[in-house]
Amino acid sequence: SKARSLIQYSSYPAFVKPNSEVYDKPDWMMCKTDVVSYFMDPRNFLTPEKVFAFELLGFDPNVHTVDGVREIIRGSFMDGDPDYDYAQIIYEAGESAGVSPYFLASRIIQEMGYSGESALSRGDLTGYEGYYNFYNIGAYATTEPGGAVINGAKYAQWGRDWEGQEITDTEATYLLPWTSVERAIMGGAIWIATGYIDKGQNTLYFQKFDVLDDGTDKYDHQYAQNIMMAYSEGMRYYRSYDSIGMTDAGFEFVIPVYNNMPEAYGYLPE
């Protein structure tokens with residue numbers, strides 16, 4: 001459905017629907033239907049490496065540690081920064097918001113890039129200096145100059161009402177405006193908790209695919225347009241848990257079961 005589920009043409013040209021327009025620069029385009037079907041079908045992800053797309057994302061003091069966060073961000077732009085202890089900041093944000101800090105760390109890498117390619121991770125976007133948005137909240141795709149990054153910077157400054165320049169009482173609880181690393185990471189964690197996890201979209205899968213019958217319109221409330229979001233973040237969780245010897249720990253997964261599923265599955269376009 002147009003921009004609802006996108007894939008990057010330069011990485012996966014066979015997955016792109018023919019004649020799709022570019023919905024986000026440089027080359028994020030509409031997925032083919034069978035690509036959406038593949039990533040929606042839970043049966044394709046029931047392996048030790050992939051099942052973490054279904055992990056419950058609440059905070060668990062028996063599982064989550066600062067050292068675990070450190071393993072997830074190892075080698076990324078957040079590793080060894082002399083000005084900020086990102087692992088500690090992310091852990092405290094997760095503990096306070098009731099959200100898995102491993103999820104938060106992985107989401108930041110997913111949204112900002114492994115090397116911090118997004119200016120929103122540095123607070124140095126031209127015209128919006130001093131504003132951070134580590135989770136790309138409000139950074140909806142657009143083909144306008146500056147694209148989603150500018151929309152993310154506008155949200156970090158004034159929330160949804162950038163033109164009116166008024167932060168609502170609810171947005172104030174998200175610690176807006178995000179004028180520091182700490183405020184952006186903590187405030188964004190609160191935003192994710194109240195907007196998704198507390199509403200039942202408490203796994204990566206449910207954050208991508210809004211299939212829950214929660215009294216709201218189905219399919220509409222998704223975190224990301226990237227069709228591979230739940231898969232790629234779940235794989236990052238697995239590698240992080242494996243690196244610190246935690247894959248034998250007790251995890252809780254929520255895996256949807258659908259009626260009338262096709263017998264054949266597990267195939268992607270070549």
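Owing to the predicted nature of the structure, the values given are computational and were not obtained by experimental measurement.
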Student: Which heavy atom of Trp162 sits nearest a heavy atom of Gln157, and at what distance?
Tutor: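 Heavy atoms of Trp162 and Gln157 come nearest at NE1-OE1, 3.0 Å.
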
Student: Any sub-3.5 Å donor-acceptor pair from Ser96's side-chain atoms to Ala93's backbone N or O?
Tutor: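 No.
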
Student: Looking at Arg183, I'd like to know if its CZ atom is crowded, meaning that more than 12 non-hydrogen atoms belonging to other residues, nucleotides or ligands lie closer than 6.0 Å.
Tutor: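 For Arg183, atom CZ is crowded (more than 12 foreign heavy atoms under 6.0 Å).
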
Student: Please check if atom OH in Tyr238 has more than 12 non-hydrogen atoms from other residues, nucleotides or ligands closer than 6.0 Å.
Tutor: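 More than 12 heavy atoms, drawn from other residues, nucleotides or ligands, come within 6.0 Å of this atom.
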
Student: Can you confirm whether Asp83 is buried at CG, in the sense that more than 12 heavy atoms of other residues, nucleotides or ligands lie under 6.0 Å from that atom?
Tutor: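 For Asp83, atom CG is crowded (more than 12 foreign heavy atoms under 6.0 Å).
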
Student: Can you confirm if the aromatic rings of Tyr205 and Phe39 lie within a centre distance of less than 6.0 Å?
Tutor: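 Distance test on ring centres: not under 6.0 Å, no.
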
Student: If you look at every heavy atom in Ala156 and Leu176, which pair is closest and at what distance?
Tutor: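 That closest heavy-atom pairing would be O-CD2, 3.5 Å.
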
Student: Under 6.0 Å between the ring centres of Phe251 and Phe52?
Tutor: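 That pair passes the under 6.0 Å test.
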
Student: Is the shortest side-chain heavy-atom distance between Met29 and Tyr12 below 4.5 Å?
Tutor: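 Result no, sub-4.5 Å side-chain heavy-atom pair not found.
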
Student: Let's go through Arg160 and Tyr155 carefully: what are the C-alpha distance in whole Å and the side-chain angles of both, what is the deciding distance for side chain to side chain contact (heavy atoms under 4.5 Å, CB included) to 0.1 Å, and is it a yes or a no?
Tutor: CA-CA 6 Å; Arg160 293 194 176 276; Tyr155 190 93; 3.7 Å; yes

Student: So, Gln225 side chain and Ala3 main chain: donor-acceptor pair closer than 3.5 Å or not?
Tutor: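 The answer is yes, because a donor-acceptor pair under 3.5 Å joins these two groups.
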
Student: Tell me the salt bridge (Lys or Arg N to Asp or Glu O under 4.0 Å) pairs involving residues 42-55, sequence neighbours left out?
Tutor: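 Passing the test, one end in residues 42-55: Asp41-Arg43.
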
Student: Any side-chain to backbone donor/acceptor pair from Gln222 onto Arg4? Under 3.5 Å, distance only.
Tutor: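 Checked: pair present.
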
Student: Using modelled atom types and a 3.5 Å cut-off, is there a donor and acceptor pairing between side-chain atoms of Lys154 and backbone atoms of Tyr128?
Tutor: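 Side chain of Lys154 to backbone of Tyr128: no pair is present.
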
Student: Evaluate the side-chain proximity of Tyr241 to Ile72: yes if any heavy-atom separation is below 4.5 Å, no if none is.
Tutor: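 In short, these two side chains do not touch, never coming nearer than 4.5 Å.
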
Student: Hey, are Ser5 and Lys208 close enough side-chain-wise for a donor-acceptor pair under 3.5 Å?
Tutor: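 Side chains of Lys208 and Ser5: pair found under 3.5 Å.
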
Student: Would you say Tyr219 has more than 12 foreign heavy atoms packed within less than 6.0 Å of its OH?
Tutor: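 Count not over threshold, so no.
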
Student: With a 3.5 Å cut-off and no angle check, do the side chains of Tyr135 and Trp178 form a donor-acceptor pair?
Tutor: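 There is no such pair (donor and acceptor under 3.5 Å, judged by atom type) between the side chains of Tyr135 and Trp178.
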
Student: Determine whether Ile185 and Leu104 make a side-chain contact, defined as any pair of heavy atoms from C-beta on separated by less than 4.5 Å.
Tutor: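 Of all side-chain heavy-atom pairs linking Leu104 with Ile185, none is under 4.5 Å.
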
Student: Scan for salt bridge (Lys or Arg N to Asp or Glu O under 4.0 Å) pairs involving residues 107-125, sequence neighbours excluded, and state none if there are none.
Tutor: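 Counting only pairs at least two positions apart or across chains, the salt bridge (Lys or Arg N to Asp or Glu O under 4.0 Å) contacts touching residues 107-125 are Arg107-Glu233, Arg122-Asp124.
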
Student: Do side-chain atoms of Gln201 reach the backbone of Asp210 as a donor and acceptor pair under 3.5 angstrom?
Tutor: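 No, the answer is negative, given that no donor and acceptor are paired below the 3.5 Å cut-off.
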
Student: How about His64 and Tyr91: are their ring centres within less than 6.0 Å of each other?
Tutor: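 No.
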
Student: Between Tyr102 and Val63, which heavy-atom pair has the shortest distance, and what is it?
Tutor: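 Heavy atoms only, the tightest pair is OH-O, 3.2 Å.
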
Student: Is the side chain of Gln8 donor-acceptor paired with the backbone N or O of Asp27 at a distance under 3.5 Å, no angle test?
Tutor: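 No, because the side chain of Gln8 does not come within donor-acceptor range (under 3.5 Å) of the backbone of Asp27.
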
Student: Could you check whether Phe45 and Tyr38 have their ring centres less than 6.0 Å apart?
Tutor: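 Aromatic pair counts; centres sit under 6.0 Å.
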
Student: Hey, does Ile167 have a side-chain heavy atom less than 4.5 Å from the side chain of Tyr174?
Tutor: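 No. Closest side-chain heavy atoms not under 4.5 Å.
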
Student: Can you name the nearest heavy-atom pair linking Asp24 to Val22, along with the distance?
Tutor: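 Here Asp24 and Val22 meet closest at O-CG1, 3.3 Å.
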
Student: Which atoms form the tightest heavy-atom contact between Met40 and Val211, and what is the distance?
Tutor: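 Scanning both residues completely, I find the closest heavy atoms to be CE-CG1, 3.9 Å.
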
Student: With distance as the sole test, does Asn44 use its side chain to make a donor-acceptor pair with the main-chain N or O of Gly266 at under 3.5 Å?
Tutor: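 Between the backbone of Gly266 and the side chain of Asn44 there is a qualifying donor-acceptor contact (under 3.5 Å).
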
Student: If you compare all heavy atoms of Ala184 against all heavy atoms of Phe134, which two are closest, and at what distance to 0.1 Å?
Tutor: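 Result for this residue pair: CB-CD1, 3.6 Å.
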
Student: Using a 3.5 Å distance criterion without hydrogens, assess whether the side chain of Ser20 forms a donor-acceptor pair with backbone atoms of Val16.
Tutor: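 Here the side-chain-to-backbone pair does not exist.
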
Student: Has Asp161 got a side-chain atom pairing as donor or acceptor with Gly164's backbone, closer than 3.5 angstrom?
Tutor: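 Between the backbone of Gly164 and the side chain of Asp161 there is a qualifying donor-acceptor contact (under 3.5 Å).
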
Student: With the side chain counted from C-beta on, respond yes when His221 and Leu212 share a heavy-atom pair under 4.5 Å apart, and no when they do not.
Tutor: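 Result no, sub-4.5 Å side-chain heavy-atom pair not found.
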
Student: Apply side-chain hydrogen bond (donor to acceptor under 3.5 Å, both in side chains) to Tyr267 and list each qualifying residue two or more places apart in sequence or on a separate chain.
Tutor: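 Not a single residue meets the side-chain hydrogen bond (donor to acceptor under 3.5 Å, both in side chains) criterion with Tyr267.
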
Student: So, do Asp79 and Arg70 sit near enough that their side-chain heavy atoms are less than 4.5 Å apart?
Tutor: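 Result no, sub-4.5 Å side-chain heavy-atom pair not found.
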
Student: Would one find more than 12 heavy atoms of other residues, nucleotides or ligands at under 6.0 Å from atom CD of Gln165?
Tutor: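 Buried by this count: over 12 neighbours within 6.0 Å.
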
Student: Is there a donor-acceptor pair under 3.5 Å between the side chain of Ser106 and the backbone N or O of Phe103?
Tutor: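 A pair under 3.5 Å: no.
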
